[in-house]
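Letters A, B, ... mirror the listed sequences (proteins, then strands); counts begin at 1.
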Amino acid sequence: MDFVTLGGNLLGTIPLGDIVLYVNPFNLFLFAVLLGFTALIAVSKPETQVEAAKFNTLDNAQVKVDEKEFRQRRFLSVICGIASAGAMITGDLFNFTLFMALVGILNIGIVSAVKQTSVLNSAFNYGLIAMMCSLPLFGGASIILASTGTLSLAVLSQMHASPMVVFGAILMLIGILGESGVAPFFASKAEMFRTPGSPFIVIIHLSSLFIIVRAVEILLLVLW
Amino acid sequence: MNLMANILIQVIIAFLAGSLLLGLHRKIMARVQRRPGPPIIQHLLHSLKFFFKETGFPKTASKPFYIGITFILALIWIVGVIAGPVAHDSLLILFGVYAVYKIVEHNSGSSSGSPYGKLSCVRAVLSAATELPLFAAIIFVYLVTGTMNIGEIIAYQSVHGPLIFSIPLAALMFFMLIITKSPYSPFAITKDKVLISGFETEHYGLLRGFMHFSESIAWYVMLWVFLTIFFGPLTAVGYLVGMIVITFITGFINATTPIFSPNHSVMTQITIGAICFFGTILMIFTGVVA
């Protein structure tokens, strides 16, 4: 299987030594959307979140993101956007796993400065899952490297998938599911979204889902 | 035809057809519930009306984000029209479009600062269960046809017959997505009436107009993709009849079922998705699928 069949016609490659970044319409769409959102996050201030009325009063509780917290979260969100954009165009399996792990760490970092206990609990639980899943993520990539001698997607896409490659790909899939916090792990992540700071929350959601979309392409390239 | 003219025409067709189909959907639901219901053209009129209404901004909103996200929502569905009906490009692009659509839609809720929009956004994370059946359906289409290119999938079906007959359970998984995204769906936990209008609650005027515009195009593109990848090469009349039939079926289902609680919604989607997934794998490995 090659790049052309999966994501449309190859538009170009960016060789950086052994690592080759490649762009086809599919990768370009994901890359452009992520950069667009990163730019929007960089210029947006967070909203003031209105919570449900307090018990026995008609007052609404307003939760704001203070200046120091805002700067820290914006910085981490922009880095997360750039890391996710990198994962969209990389043609190297190990690079993808590195970007993936970085996105997982940044997702926790983005909510780590908030003061809501339920959000911090959720981030802690997600962090545990992400850490546990980094083992199958990197282990899967290592097994593929050990059995094929390469991490280049261009080369892997031309190779027949041996049982060890299939095993490595399955391990990688488990790692990706845990690191990005999608089903069946999304329950641990949902509470993280209760915190104010919509521009920062969007990148948590966007990076996880796009990594999964990109992972589909990568696993299909490796396996078929 | 000139590419730009083709894109413009297809976007207009998608908007008009999508609006009328959503109007029909509402009419069917009303008739099933023995109400007269609004005219079929009502959804289109509503969408146009919002473009001329005064636009307000909540004091609590995250401004550039709150405004920008509605334009992005419209833009990504235009990309969906280009990747689908115009260019017949990769299915993966449409999967990407759907992923962005979901995120943008729900984060438009949280950007206003409204508690209803916020809760809708949190529920959207739980409703990620919808993407898994879609993801699986696309992979099965790829396994059978050997390609992700929509043009090549159409060509495959013109030789081997519609995919609905070879991988019906994958088609059912895709259909689950259509039901989920249809108005008043039993799985529409993000637009549950306890959340007022969910993520749309605080968007009005021009911004709501863009949201309605995107909703119409989204409905058209989803039906177009479903018909194209499972029912083979179709004529314009075939698409029209197919879209009306699917709108009728979803309208009937939605009129007769209440909205599930978030937990039930997710578990039902995952259960149906899992049955269809393992059923299709079984069909492939036992040789039922050629």
Euclidean distance, F29(A) CZ relative to F95(B) CZ, rounded to 0.5 Å:
12.0 Å
Please check if atom CZ in F99(A) has more than 12 non-hydrogen atoms from other residues, nucleotides or ligands closer than 6.0 Å.
yes
Min side-chain heavy-atom separation F26(A)-D89(B) under 4.5 Å
no
Looking only at heavy atoms, which two atoms of P25(A) and I93(B) are closest? And how far apart?
CB-CD1, 3.7 Å
Restricting to non-hydrogen atoms, name the atom on V213(A) and the atom on A99(B) that form the minimum distance, rounded to 0.1 Å.
CG2-CB, 4.2 Å
Using side chain to side chain contact (heavy atoms under 4.5 Å, CB included) as the criterion, list what pairs up with V23(A), not counting sequence neighbours.
L11(A), L28(A), I89(A)
At a 4.5 Å cut-off on heavy atoms, which part of L30(A) comes close to chain B: side chain, backbone, both, or neither?
side chain
Would you give the length of the straight line joining atom CG of N27(A) to atom CG of L92(B), rounded to the nearest 0.5 angstrom?
9.0 Å
Part of L94(B) lying under 4.5 Å from any heavy atom of chain A
neither
Segment of V79(B) engaging chain A (4.5 angstrom heavy-atom cut-off)
side chain
What part of L75(B) is in contact with chain A, defined as an atom under 4.5 angstrom from a non-hydrogen atom: side chain, backbone, both or neither?
neither
Using heavy-atom distances under 4.5 Å, tell me whether V33(A) contacts chain B through its side chain, its backbone, both, or neither.
side chain
So which of I69(B), V97(B), I76(B) has the biggest tally of heavy-atom pairs under 4.5 Å with chain A?
V97(B)
Is it the side chain or the backbone of I138(B) that comes within 4.5 Å of chain A heavy atoms, both, or neither?
neither
Is it true that, when you exclude F57(B) itself, more than 12 heavy atoms of the residues, nucleotides or ligands shown sit nearer than 6.0 Å to its CZ?
yes
